[in-house]
Amino acid sequence: MAAVTLTNVVKRFGVFEVVHGANIDIADGEFVVFVGPSGCGKSTLLRMIAGLEDISGGDIAIGGKVINDVEPADRGIAMVFQSYALYPHMTVGQNLSFGLRMNGNPKADTERRVRKAAEILRIDELMQRRPKQLSGGQRQRVAIGRAIVREPQVFLFDEPLSNLDAELRVQMRVEISRLHKELGVTMIYVTHDQTEAMTLADRIVVLKAGNVEQIGAPLDLYDDPANRFVAGFIGSPKMNFLSAKIVDTSNSAATIELAHHGGVRLRKPLAEAFPAVGAEVVLGVRPEHFFEAGEGDCDIPVKADVAEHLGSVSYVYANAGPEELIVEREASRQRASGDHFKVSIKAERALLFDKAGARIR
Amino acid sequence: MRTQNATAYRFLTPYLLIFAIFWIWPIVSSFMISFQATRTVPWRFAPAFNWGRLIGDPAFYNALTNTLLILVIQVPVMIALAIIMAVLLNSPLLKARGLYRFAFFAPVVVGEVAYSAVFRLMFSLDFGIVNKLLNSVGIPKIDWFSNVTPAMALIMIAVTWRWAGYNAIIILAGLQSIPEDVYEAATLDRVSRVKQFFHITLPLLKPVIVFCAVLSIIGTMQLFTEPFLITERGGPGGGTETLGLLLYRQGFRSLNFGYASAVAYTMAGLAIAITLVQLWLMREPK
């Protein structure tokens, strides 16, 4: 087991800088998820930790030792690839033991490690099969097994569940979580799926265009996002953003007028910064933070467009002027397209962002 | 559905007619001819005439031995060379890869007569560049055309030069279909590049290599151009005569079509048998 520290890590491909000085501290035994949209640099960061990509600047340390110039095999890491990267011509057993056999590891020890990995992942019965004879979930288990036999200090997962169907993804997510508890090893996991990030991580690193936007525990990011990007990325369905304007600031609060809802106003207490009167801002409201009319600090009329009924909860995609809102309502099961109704916003459950996307607290 | 099928066959009829006349009929006809004595007119049915002669004909055994010798030595060497060329072509370190790919493939599109003439010149006893190069490093001149062993070597060199690049391009396509992350996984497993080549690349290339080997076996069984043009009709003294050349000599010089047909079917049978054995040896384990 080992801590992983990234200090001002930069990655350039030719003249293009794709990671701009990432600083991340990952504690020993922690499960950290790198999350962000495609092209944000999360896989590049992971591959730099693995040693599969050179580091253009900064330092990466594992267990307190800078490993910038250490060979991938000597970093004490094991990686699970998105495409599984199993050796297609070898059986499951051969796949698991290949690395150890090639390095002259004693046969008895190799057998012990393979047996242990097979037991942990419940793939004992698949040992004689080849990858093409396995389902997606079984392949992923074998790929994880191959990482386990290396007995690494750090596990790296590069979007390991992307190729699985929804049901299997949930099942494997639970298994990976169980594996982390069982092994207690540091795990770094890359995904673009915020649900995976929220359910698996001790802490999440949100990345955008090569920058670390925020690092924190899943619910901290959900409840207290640093900016509009994190607020929009974490949470499903995503947060609603309503255009607004500051019309007054007094008594540690700002009065905000929503732009497209007939001059509806909301008074939002602020603790840190007070934007200028007249400044354009954005009000963020999560779908579950719309209340019944009259229950909040201001009501806005909406017209239902599409309703998704998931059983325990419904999501109503509604038009509110030119803005489209997603409203979560337990009582919306009967809502149909074209229905007019009102939703209410509580100031304490709404977040305020400036025009550039920074949080106003 | 039946109407649809009938319509489809009506559209296919012109092609099927041409296929039947120019492919099926010659195959059937030549097979029947192989059972006929064709040295005198009229031809007569005599099953043992050609097939019996084949069994005891020293010229046939000479051609068969030469063909198999070329096959056993040249095909493995060429495939090995093609694999090396493909690996080099696939290297990210190589500059101007497109140019090399073209250069390796170019021999296939060069006219057979032109390339044979150039090879004759290059290997000429007194004026050839090959002997001059050998001389410059202290090796005495070799008479490539008058001695059987150098003549056979020359045929193998020529065929290898012509087809190695072609096979390399096919193998390169196979190489490029191997996912990069398999190698990355091996790198993380501390498997050296050499071990990666033998334990990952070669096994994953097996289907492509088998394909190239089968094509090459079929080609070598039919080998004709090189011994005809480079070593002048299988010279010296039949030393490089192949089955293809024997077939030509019997069929189109002596007009003994029955015997030529028997030789042709022997060639086809051997090619099929060798290919089947090879496919069996290289089969995927269950």
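Per chain, numbering begins at 1; letters A, B, ... match sequence-line order. Not measured: the values here are computed from a predicted model.
Looking at A:Ile77, the atoms closer than 4.5 Å to chain B (heavy atoms on both sides) all sit in the side chain, from C-beta outward.
Annotation: A:Glu71, atom CD; neighbour count of heavy atoms from other residues, nucleotides and ligands within 6.0 Å does not exceed 12. Residue A:Phe13 qualifies as enclosed at atom CZ: its count of foreign heavy atoms under 6.0 Å is above 12. Crowding of A:Tyr87 atom OH: a count of heavy atoms from other residues, nucleotides or ligands under 6.0 Å exceeding 12. Under a cut-off of 6.0 angstrom, the local environment of CZ in B:Phe102 is sparse, with at most 12 non-hydrogen atoms contributed by other residues, nucleotides or ligands. The neighbour count for B:Phe224 CZ, taken as heavy atoms of other residues, nucleotides or ligands under 6.0 Å away, is above 12.
Note on A:Arg129, A:Arg75, A:Arg47: by heavy-atom pairs under 4.5 Å with chain B, the leading option is A:Arg47. Ranked by heavy-atom pairs under 4.5 Å with chain A, the list B:Pro179, B:Ala185, B:Pro203 is led by B:Ala185.
How far CG of A:Asn103 is from CZ of B:Arg190: 5.5 Å, rounded to the nearest 0.5 Å. The structure places CZ of A:Phe81 at 5.0 Å from CG of B:Leu188, a figure rounded to the nearest 0.5 Å. For the atom pair CE of A:Met102 and CD of B:Gln196, the computed distance is 11.0 Å after rounding to the nearest 0.5 Å. With values rounded to the nearest 0.5 angstrom, A:Met90 atom CE is found 8.0 Å from B:Leu204 atom CG.
Scanning both residues, A:Ala73 and B:Thr187, for their nearest heavy atoms gives CB-O, 3.7 Å. The two atoms that bring A:His89 and B:His199 nearest to each other are NE2-O, 2.7 Å, heavy atoms only.
Residues A:Gln82 and B:Asp181 fail the side-chain proximity criterion, which asks for heavy atoms closer than 4.5 Å.
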